[in-house]
Protein chains: 2
Amino acid sequence: MLSLAEENYLKAIYHLSDDGAKDVLTNELADSMNTKAASVTDMIKKLSAKELITYKKYYGVNVTAKGKGRALQVIRKHRLWETFLVQKLNFTWDEVHEIAEQLEHIRSPRLIEKLDEFLGFPTVDPHGDPIPDGKGKIKIKPQVPLDQVTEGYKGTIIAVKDSDSNLLKYLEKIGAMPGRKIQVIGKEPYDESLEIILENQKVFVSKDVSKNILVTE
Amino acid sequence: MLSLAEENYLKAIYHLSDDGAKDVLTNELADSMNTKAASVTDMIKKLSAKELITYKKYYGVNVTAKGKGRALQVIRKHRLWETFLVQKLNFTWDEVHEIAEQLEHIRSPRLIEKLDEFLGFPTVDPHGDPIPDGKGKIKIKPQVPLDQVTEGYKGTIIAVKDSDSNLLKYLEKIGAMPGRKIQVIGKEPYDESLEIILENQKVFVSKDVSKNILVTE
DNA sequence: ATATTTTTTTAGACAAGCCTAAATTTTATA
DNA sequence: TATAAAATTTAGGCTTGTCTAAAAAAATAT
């Protein structure tokens, strides 16, 4: 059984590694966990001893198959709770992340099964992120960050990367939510800001924003 | 802000003291927390320093007004979550206690307000226990344990004291749930077992059971 | 009233998870 | 390639919450 801290580290490693695609450095992890590098090294050793991550001194860590499975279970719980908070308790999508960070650690397989059923087996959370199934399987749609598309692009918003409350409030204001149609009219070479159409309205968004919007390919 | 352990101790002290009516001894608390007396003494000192409990060495502890308020907030959360689990997720009343023990520590005042609203502002939980309001106020109905009533008693079940899963399953089987009408036909002098009528059915219950059933006066 | 038993407290230790400061290894630069 | 800078690890320490063993206080029995 994993402690709360262990679950949080594992989840962070999973996310930072892009589903295991690249190794995660100690300082990266320290930043993302709001802790110090020395503390990270301590925890890394514990997770490594439990064979949840691979660890090569000075060269970073990554999740093992076992570790990835555990991380996905936590992510599943997080996303189901976020869905519950928005769909059933009428929270807005910018309010739910912090609460779900707590709820994701509740231990009860039956609870998650029942919650999943209560919500009608949702496949994505309020931010458009896919919800892993009970076995940790995720269905990922082909997607690309909005800052990578070319002028003239037409597609649909799939998800939003960052869960920062201010970003989400802003995106809601301009209508940039998962499921919405989106077009790119122009791209400013100087700062890579985009002129886009959302809900028949022209809007300008900076690169800082556009890189957090994931759209269909 | 209180730690998880502190909240649990405070809640235990509140319950064992009967809402502050009597002092709680170190060993009592150790038993109820499944821990050792020495550990209890340590924690008692911390809670006492925070003025959440009064502590007289060797003579036990009790909640202060501040401590009682905190305990009631935790109890409010516990009972709201139990209600959610039974009413919305279709858990049976014998399954919810353990899960609510975890959920009661989630920190988010907004979450509890919204949950309360979602549930339609319930006043009692699935075991018949009253749910404190946002300010910690409880409405307690006059009640008495079933083992204290005399032959011929007629009334209604208000609540069940123990949350032991086996007891609850048994009570459900014989129809002894909050809200049900109940009559006492006879009391056996030797072991104080009772012959009762529930749902037009005669049943015998031992004193161990009857003392856990709270009925109208 | 004194001795024995029970209860409670104190003393000292340990694991988890964090920290700072120092040492080490890797990377970047001259 | 030698050296400086940056990243990482190690060493040692702190807090929380737990434990065991010993000491002290209270309750009980003789």
Side-chain angles (χ1 to χ4, degrees), chain A residues 1-17 22-63 67 70-71 74 98 101-102 104-107, chain B residues 1-17 22-63 67 70-71 74 98 101-102 104-107:
Chain A
M1 188 141 66
L2 299 185
S3 72
L4 196 138
E6 287 172 328
E7 284 192 347
N8 283 332
Y9 271 94
L10 208 48
K11 192 172 52 126
I13 294 168
Y14 172 80
H15 283 310
L16 291 172
S17 75
K22 57 170 195 268
D23 287 357
V24 179
L25 301 176
T26 302
N27 272 349
E28 267 187 276
L29 204 40
D31 282 357
S32 107
M33 303 290 297
N34 286 309
T35 183
K36 295 294 149 71
S39 310
V40 170
T41 303
D42 285 348
M43 181 55 91
I44 275 176
K45 286 181 189 162
K46 281 176 210 160
L47 294 174
S48 183
K50 293 189 177 182
E51 303 192 324
L52 295 160
I53 60 175
T54 56
Y55 172 39
K56 201 184 150 201
K57 251 186 179 182
Y58 294 101
Y59 289 91
V61 296
N62 214 325
V63 288
R70 299 299 196 92
V74 178
E98 306 303 318
E101 287 287 305
Q102 298 180 57
E104 73 189 6
H105 301 292
I106 302 292
R107 274 169 232 286
Chain B
M1 188 141 65
L2 300 185
S3 72
L4 196 140
E6 287 172 328
E7 284 191 349
N8 283 333
Y9 270 94
L10 209 48
K11 191 172 54 127
I13 294 167
Y14 172 80
H15 282 311
L16 290 172
S17 73
K22 57 170 195 269
D23 287 356
V24 179
L25 300 176
T26 302
N27 272 349
E28 266 187 277
L29 203 41
D31 282 358
S32 105
M33 302 288 296
N34 286 308
T35 185
K36 295 295 148 70
S39 311
V40 170
T41 303
D42 285 347
M43 181 54 92
I44 274 175
K45 285 180 189 161
K46 281 176 210 161
L47 293 174
S48 184
K50 293 189 177 184
E51 302 194 321
L52 294 160
I53 60 174
T54 56
Y55 172 37
K56 200 183 152 204
K57 253 186 177 183
Y58 294 101
Y59 288 91
V61 296
N62 214 326
V63 288
R70 299 299 197 92
V74 178
E98 306 304 318
E101 287 286 305
Q102 297 180 58
E104 73 189 7
H105 300 292
I106 302 293
R107 272 171 235 285

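Residue numbers start from 1 in every chain, and the chains themselves are labelled A, B, ... in the order their sequence lines are given, proteins ahead of strands.
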Trainee: Rounded at 0.5 Å granularity, tell me how far CG in A:Leu25 sits from OH in A:Tyr59.
Mentor: 11.0 Å
Trainee: Are A:Thr26 and A:Tyr55 side-chain neighbours, meaning at least one heavy-atom pair lies under 4.5 Å?
Mentor: no
Trainee: Mind listing the side-chain donor-acceptor pairs of residues 42-54 of chain A below 3.5 Å, one per line with the distance, residues two or more places apart or on another chain?
Mentor:
{"unit_1": "A:Lys50", "atom_1": "NZ", "unit_2": "A:Glu6", "atom_2": "OE1", "d": "3.2"}
{"unit_1": "A:Lys50", "atom_1": "NZ", "unit_2": "A:Glu6", "atom_2": "OE2", "d": "2.8"}
{"unit_1": "A:Thr54", "atom_1": "OG1", "unit_2": "A:Asn62", "atom_2": "O", "d": "3.4"}

Trainee: So which atom in B:Tyr9 and which in B:Thr35 form the shortest heavy-atom distance, rounded to 0.1 Å?
Mentor: OH-CG2, 3.7 Å
Trainee: Please find the pair of heavy atoms, one from A:Glu104 and one from A:Val74, that lie closest to each other, and give the distance.
Mentor: CD-CG1, 3.7 Å
Trainee: Please determine whether a side-chain nitrogen or oxygen atom of A:Lys36 lies at a distance below 4.0 Å from atom OP1 or OP2 of C:dC18.
Mentor: no
Trainee: Would you please name every residue forming a side chain to side chain contact (heavy atoms under 4.5 Å, CB included) with A:Gln102, sequence neighbours left out?
Mentor: B:Ile106, B:Arg107
Trainee: If the condition is side chain to side chain contact (heavy atoms under 4.5 Å, CB included), which residues does B:Ala12 pass it with, not counting sequence neighbours?
Mentor: B:Leu29, B:Ser32, B:Met33
Trainee: State, with a plain yes or no, whether a side-chain heavy atom of B:Leu2 is found less than 4.5 Å away from one of B:Leu10.
Mentor: yes
Trainee: Please encode protein proximity along nucleotides 7-13 of chain C as a string of B, S and -, counting only heavy-atom distances under 4.0 Å.
Mentor: SBBB---
Trainee: Got A:Asn8 and A:His105 here, is their nearest side-chain heavy-atom distance under 4.5 Å?
Mentor: yes
Trainee: Report yes if the side chains of B:Lys11 and B:Glu7 come closer than 4.5 Å at any heavy-atom pair, otherwise no.
Mentor: no
Trainee: Does any residue of residues 3-11 of chain A have a heavy atom under 4.0 Å from DNA chain D, and if so, which ones, in number order?
Mentor: none
Trainee: Chain A on DNA chain D: first and last contacting nucleotide, 5' to 3', under 4.0 Å to a heavy atom?
Mentor: D:dA7 to D:dT10
